[in-house]
Amino acid sequence: RWRDKMIIEEWDDTDFMPDEQTIDEYIEWGSAHRSNRNDTQTRLLWKHRIRQSQLYLECLWQMKQQNRTWVMMTDTDEYITLNPLVHKHRMGAVSVDESEEEEHHHNKEEIDESKLVADPVVGTKGSVAEVLHSLQIPNEEFYKVETGCVQLHRRQFVATDDIESVQLDGEFPLDGMDVSNFETLRWRTHGINIQGVHLNTTGEECTQQRWQPNKVIVNVRKVFLADPDDDKGEQNKGNPHRPLRDCPAFLYISQHKTPLVVNHYIGSKEQWLYRIGDKRGMAYRLARYHDLNRHAGGETSEDISNWLLDFVRTMGKAESQRLLDGAGVLKPLPNHSIQETMEKVKELEQVHHEFHIGQLVQSNYRGSLHWYDAEVVDLL
């Protein structure tokens with residue numbers, strides 16, 4: 001339905017994957033030196049990672065060959081928008097994540113409102129593109145904007161909002177659609193929720209917090225790129241957070257140091273577990289879902305929610321209905337039942353924990369040869 005609006009090109013593994021010997025060597029290395037395991041699930045995980053990195057590198061290379069400019073390195077549950085700490089827009093007051101202020105020793109006075117960019121209204125056609133095309137490189141206003149690889153602060157939105165509290169500037173403009181199916185309208189709570197924890201074993205106090213690594217947007221005309229078949233990962237690794245050597249190495253830049261932001265939505269539990277291709281397994285996905293919801297949050301934002309009203313005004317109601325029909329609705333997948341998945345979730349959530357809070361354990365934090373003494377502080 002979108003093909004008359006944009007160019008859509010579909011790939012399969014033959015379009016970007018290396019030869020089988022290279023794949024096997026990468027899997028062997030990852031399983032042995034990073035995961036310290038060689039079971040089937042671990043090997044599938046490393047095969048997924050090489051597919052991911054190769055896809056990113058081949059995509060960037062193809063965009064460069066076509067003389068494109070900006071390429072987003074984001075997922076389908078992530079949305080780029082204007083940074084409210086940098087740009088003036090109709091949502092009004094500038095606010096700062098106080099938890100980030102404390103962590104990075106920033107304060108409101110550091111943000112000089114006289115230097116804020118008066119950019120297009122959020123939601124209007126071309127607002128993000130206009131910011132990108134006007135961005136000067138190198139740029140001292142933002143963190144290490146020295147090449148065409150620009151960091152995007154990622155805001156983690158959690159699934160804790162009441163559906164009844166969804167608000168727009170006007171009435172929901174589409175007929176027969178549920179507003180709660182639109183992630184950017186339903187979820188508004190984000191930020192870092194820092195919690196203090198007392199360690200029984202040492203008597204120390206520590207904090208639980210979940211910083212989200214940034215994503216990037218790349219101007220392929222201004223970065224070093226080689227044909228992935230020739231590069232062999234020696235220069236560019238294809239990591240989703242740092243795909244190229246020209247990208248900054250530090251991945252946790254505070255929000256007011258990036259020109260745009262990425263909103264990442266975990267969605268409802270059903271939406272989160274709909275991703276059946278995650279090679280880390282359902283138990284990991286479920287634990288991750290509870291962990292994010294428990295340790296993120298603390299701020300609310302609606303600075304992206306009015307995109308829909310402007311979209312309908314631009315496209316017309318009938319065309320908007322056609323393009324957005326079924327948005328957010330989980331469609332049945334081959335050999336996958338959403339109902340059966342949720343039944344398995346109930347079983348997993350009722351499993352008796354073999355650990356207890358305060359127990360001293362060994363944690364394989366970063367893979368092989370990186371075991372640490374740790375204490376269980378929470379049970380999901």
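Remember, predicted model here, so these are calculated numbers, not experimental data. Every heavy atom of this structure was used, including side-chain atoms; hydrogens, water molecules and symmetry mates were not. Residues take their numbers from the sequence shown, with the count starting at 1.
Judged by distance alone, the side chains of Trp272 and Glu270 never bring a donor and an acceptor atom under 3.5 Å apart. Checked by atom type, the side-chain pair Glu78/Asn263 shows no donor-acceptor distance below 3.5 Å. Checked by atom type, the side-chain pair His264/Asp77 shows a donor-acceptor distance below 3.5 Å.
Here the CZ atom belonging to Arg68 is positioned 5.5 Å from the CE atom belonging to Met63, to the nearest 0.5 angstrom. Residue Cys247 holds its SG atom at 7.5 Å from CD of Gln151, rounded to the nearest 0.5 Å. To the nearest 0.5 Å, atoms CE (Met6) and CD (Glu9) are separated by 14.0 Å. Atom CG of Leu174 sits about 6.5 Å away from atom OG of Ser320, to the nearest 0.5 Å. Considering CE of Met315 and CG of Asp310, their distance stands at 13.0 Å, rounded to 0.5 Å. Rounded to the nearest 0.5 Å, atoms NE2 (His290) and CZ (Arg288) are 13.5 Å apart.
With a 4.5 Å cut-off on side-chain heavy atoms, Thr147 and Ile137 do not count as touching. Residues Gln156 and Ile266 meet the side-chain proximity criterion, which asks for heavy atoms closer than 4.5 Å. In this structure, the side chains of Leu308 and Pro173 come closer than 4.5 Å at one or more pairs of heavy atoms. Counting heavy atoms from C-beta outward, Asn214 and Leu152 have side chains that stay 4.5 Å or more apart. Between Val376 and His356, the closest side-chain pair of non-hydrogen atoms is not below 4.5 Å. Looking at Tyr289 and Leu292, their side chains never come closer than 4.5 Å, going by heavy atoms from C-beta outward. Side chains of Asp15 and Glu58 form no contact here, defined as non-hydrogen atoms less than 4.5 Å apart. When side chains are defined from C-beta on, Trp307 counts as touching Leu185, because their heavy atoms get closer than 4.5 Å.
Across all their heavy atoms, Leu225 and Trp61 have their closest contact at O-CZ3, 3.7 Å. The minimum heavy-atom distance linking Cys149 with Pro248 is given by the pair O-CD, 4.0 Å. Contact record, His241 with Asn239: N-OD1, 2.7 Å, taken as the closest heavy-atom pair. Taking each heavy atom of Ile50 and Pro18 in turn, the nearest pair found is CD1-CG, 4.2 Å. Shown here for Ala159 and Gly267, the closest heavy-atom pair between the two residues is CB-O, 3.1 Å. The two atoms that bring Pro243 and Val216 nearest to each other are CD-CG2, 3.6 Å, heavy atoms only.
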Applying side chain to side chain contact (heavy atoms under 4.5 Å, CB included), run through Glu302 and Ile304 and close with a yes or a no.
-> CA-CA 5 Å; Glu302 297 181 7; Ile304 195 175; over 6 Å; no
Could you walk me through whether Asn83 and Thr258 pass the side chain to side chain contact (heavy atoms under 4.5 Å, CB included) check?
-> CA-CA 8 Å; Asn83 187 345; Thr258 67; 3.8 Å; yes
List the steps, then state whether side chain to side chain contact (heavy atoms under 4.5 Å, CB included) holds for Ser305 with Thr184.
-> CA-CA 6 Å; Ser305 61; Thr184 52; over 6 Å; no
Should Asp175 and Lys317 be marked as a side chain to side chain contact (heavy atoms under 4.5 Å, CB included) after you check the CA-CA gap, both sets of side-chain angles, and the distance that decides it?
-> CA-CA 9 Å; Asp175 298 329; Lys317 184 173 181 179; 3.0 Å; yes
For Arg155 and Asp303, what are the C-alpha separation, side-chain angles and deciding distance, and is it a salt bridge (charged side-chain N to carboxylate O under 4.0 Å, His left out)?
-> CA-CA 12 Å; Arg155 301 191 295 185; Asp303 52 20; 3.1 Å; yes
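Annotation: side chain to side chain contact (heavy atoms under 4.5 Å, CB included) contacts of Gln21 (sequence neighbours excluded): Asp19, Glu25. Judged as a side chain to side chain contact (heavy atoms under 4.5 Å, CB included), and not counting sequence neighbours, the contacts of Asn219 are Thr69, Trp70, Arg221, Lys222. Remark: Arg285 pairs with Asp278 by the salt bridge (charged side-chain N to carboxylate O under 4.0 Å, His left out) rule, at least two apart or across chains. For Lys5, the salt bridge (charged side-chain N to carboxylate O under 4.0 Å, His left out) test picks out Glu319, with sequence neighbours left out.
Note on ring orientation: taking the six-membered ring where Trp is involved, the planes of Phe250 and Tyr143 are perpendicular (angle over 60°, cut-offs 30° and 60°).
Identified under the salt bridge (Lys or Arg N to Asp or Glu O under 4.0 Å) test for residues 325-346, with sequence neighbours left out: none. For the salt bridge (Lys or Arg N to Asp or Glu O under 4.0 Å) condition, no pair includes a residue of residues 241-251, sequence neighbours left out.
Heavy-atom contacts from other residues, nucleotides or ligands closer than 6.0 Å to CD1 of Ile7 number 12 or fewer. Enclosure of atom CD in Glu140 is not indicated, since only 12 or fewer non-hydrogen atoms of other residues, nucleotides or ligands lie within 6.0 angstrom. In the displayed structure, Met177 atom CE is contacted under 6.0 Å by more than 12 heavy atoms of other residues, nucleotides or ligands.
Residues Val261 and Met73 do not share a hydrophobic cluster, clusters being chains of Ile/Leu/Val/Met/Phe/Trp/Tyr side chains in contact below 4.5 Å. Residues Leu360 and Phe355 are members of separate hydrophobic clusters, defined by side-chain heavy-atom contacts under 4.5 angstrom among Ile, Leu, Val, Met, Phe, Trp and Tyr. Residues Val158 and Phe182 do not share a hydrophobic cluster, clusters being chains of Ile/Leu/Val/Met/Phe/Trp/Tyr side chains in contact below 4.5 Å.
Residue Phe157 is tested with Tyr265, Trp187, Tyr79 for a ring-ring contact (aromatic ring centres under 6.0 Å, His included); the sole match is Tyr265.
Under the 3.5 Å distance criterion, the side-chain polar atoms of Ser53 are matched with a main-chain donor or acceptor of Arg49. His153 places no side-chain N or O within donor-acceptor distance of the main-chain N or O of Leu260, the cut-off being under 3.5 Å. Although no hydrogens or angles enter the test, the distance criterion places a donor-acceptor pair under 3.5 Å between the side chain of Arg154 and the main chain of Pro213. Between the side chain of Arg51 and the backbone N or O of Met17, no donor-acceptor pair lies under 3.5 Å.
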